[in-house]
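Count residues from 1 along the sequence.
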Amino acid sequence: MTLIIDSGYTTTFADADVQAYLTAVETADNQALEYPVAVAIDEFVRGCKADGIWTAIKAFCILAGARTRQGALVPLVNASGVAPTFNGTVGGWSYNRKTSGGNIIGLAGNGTDNFVDSGRNNNAEVSQDAKHMSVYVSTLPSVDNTSYIGMALAPGSSHLSRSNPGTVIVGVRVNSSSGFSSSLSNAVGLIGVARSSASEITIRSGALNQVATLASASPANGNLLVFDGIGKSNARLAAYSIGENLNLALLDARVTALITAIGAAIP
């Protein structure tokens, strides 16, 4: 399949995952992406594959770069085969494909009833002891006890949140029946959590990792929701990822480079 660029540049990308994604986004947008944006996506995918983390990513959306909000919800990875969907007040969404004129890159809901159903069930991973969730935060939420991604609290549930009234620390559950409040503060950039065993998790925020003990439990049944979980968030996010355990530092480097490159690529 051929990618047709509005500047007149025509090319194809050798990586089938990249080409399929670009075609789907441009179909949703009804317009081609800028060539440098397509290159940034190609470099991200090839980089993740070179790092050995690609196969662990089971759901991934780039909430930036696409020309329309609908295009931004086209998944780069969708192992479940269930498309993510917008929910809540249609007019409550705010989407900026780039940072410009005081507008920060990414997608934000109204913090009241907007959320994205990822289409990925919390129990979809092969092992309850190998899981990750992450978001790229462009603007931090203004309200505590709201989730970047997650589900309602239950035995074996998962969430990644701005936690605890009056504080800005990262709170998590990862296939667990209790939560963990990290000593890491929420920070713009990648915030994520990964479970590597029945007892150990790693939280990442502000380019720092914290390893903690948190017992796993049989995963709760229910889709993971972006901008929701223990409470609806008004954060602005430029990407989200769900899947098996992986190296969060490697993912951070690739996602950060992707969002930076998209921002630089769009005039």
Side-chain angles (χ1 to χ4, degrees), residues 11-22 24-25 33 35-66 72 74-80 84 105-106 118 120 124-138 148-149 158 160 170 172 174-175 182 184 187-197 200-212 224 226 237-265:
T11 190
T12 57
F13 287 85
D15 190 290
D17 294 315
V18 172
Q19 190 60 63
Y21 173 72
L22 294 174
V25 170
L33 294 170
Y35 179 64
V37 174
V39 169
I41 294 164
D42 180 58
E43 290 179 347
F44 171 75
V45 173
R46 291 188 294 106
C48 288
K49 290 180 178 181
D51 289 342
I53 61 174
W54 178 255
T55 57
I57 300 172
K58 303 303 182 183
F60 192 99
C61 273
I62 306 169
L63 305 175
V74 172
L76 175 60
V77 183
N78 183 17
S80 297
I105 191 170
S118 72
R120 183 76 179 172
E125 311 317 326
V126 174
S127 170
Q128 73 179 46
D129 299 327
K131 184 186 190 73
H132 89 274
M133 302 179 296
S134 77
V135 292
Y136 185 94
V137 182
S138 300
Y148 300 112
I149 186 168
S158 301
L160 180 63
V170 180
V172 301
V174 197
N175 294 346
S182 170
L184 297 177
V188 169
L190 188 125
I191 298 177
V193 62
R195 174 174 291 284
S196 57
S197 72
E200 188 170 280
I201 63 169
T202 300
I203 305 103
R204 186 171 180 85
S205 181
L208 298 172
N209 280 359
Q210 179 184 7
V211 178
L224 292 168
V226 187
L237 307 179
Y240 73 82
S241 175
I242 306 166
E244 299 170 357
N245 177 51
L246 50 62
N247 184 310
L248 290 173
L250 292 177
L251 181 65
D252 188 349
R254 293 298 177 186
V255 174
T256 299
L258 169 67
I259 302 306
T260 300
I262 288 174

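- Panel note: side chain H132, backbone E244; a donor-acceptor pair is recorded below 3.5 Å.
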Original post:
Does the side chain to side chain contact (heavy atoms under 4.5 Å, CB included) test come out yes or no for I262 and I62, once each step is laid out?
Top reply: CA-CA 10 Å; I262 288 174; I62 306 169; 3.8 Å; yes
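- Of all the heavy atoms in A79 and R120, the pair that sits closest is CB-NH1, 3.6 Å.
- Closest heavy-atom contact between C61 and V74: SG-O, 4.0 Å.
- Using cut-offs of 30° and 60° on the angle between ring planes, the pair F44 and F60 is tilted.
- Judged as a ring-ring contact (aromatic ring centres under 6.0 Å, His included), and not counting sequence neighbours, Y21 has no contacts.
- Residue L190 holds its CG atom at 4.5 Å from CG of D252, rounded to the nearest 0.5 Å.
- Here the side chains of D51 and N247 are not in contact, with every heavy-atom distance at 4.5 Å or above.
- Atom OG of S241 sits about 9.0 Å away from atom CG of L248, to the nearest 0.5 Å.
- Between K58 and I242 there is no side-chain heavy-atom pair separated by less than 4.5 Å.
- Taking every heavy atom of both residues into account, S205 and A187 meet most closely at OG-N, 3.3 Å.
- Scanning both residues, S138 and A238, for their nearest heavy atoms gives OG-CB, 3.6 Å.
- The backbone N or O of F13 sits less than 3.5 Å from a side-chain atom of Q19, completing a donor-acceptor pair.
- Among the candidates V172, V193, I191, the single residue satisfying the side-chain contact (heavy atoms from CB on, under 4.5 Å) test with M133 is V193.
- The shortest side-chain heavy-atom distance between S134 and L251 falls under the 4.5 Å cut-off.
- Annotation for K131 and S158: closest pair CE-OG, 3.5 Å, computed over non-hydrogen atoms.
- Here the straight-line distance linking atom OG of S197 with atom CD of Q128 works out to 11.0 Å at 0.5 Å rounding.
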**OP:** Take K49 and D15 through the test side chain to side chain contact (heavy atoms under 4.5 Å, CB included) and record every step on the way to the result.
**Re:** CA-CA 11 Å; K49 290 180 178 181; D15 190 290; 2.7 Å; yes
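- Counting heavy atoms from C-beta outward, D17 and W54 have side chains that approach closer than 4.5 Å.
- Of all non-hydrogen atoms in A194 and N245, the two that sit nearest each other are CB-OD1, 3.5 Å.
- A search for side-chain contact (heavy atoms from CB on, under 4.5 Å) contacts involving T55 returns nothing, not counting sequence neighbours.
- The shortest distance between side-chain heavy atoms of L63 and Y136 does not fall below 4.5 Å.
- One N or O on the side chain of R195 and one on the backbone of V174 form a donor-acceptor pair closer than 3.5 Å.
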**OP:** Please step through side chain to side chain contact (heavy atoms under 4.5 Å, CB included) for the pair N209 and I203, ending with a clear verdict.
**Re:** CA-CA 6 Å; N209 280 359; I203 305 103; over 6 Å; no
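- Proximity of L76 to I57: side-chain heavy atoms (C-beta onward) are nowhere separated by under 4.5 Å.
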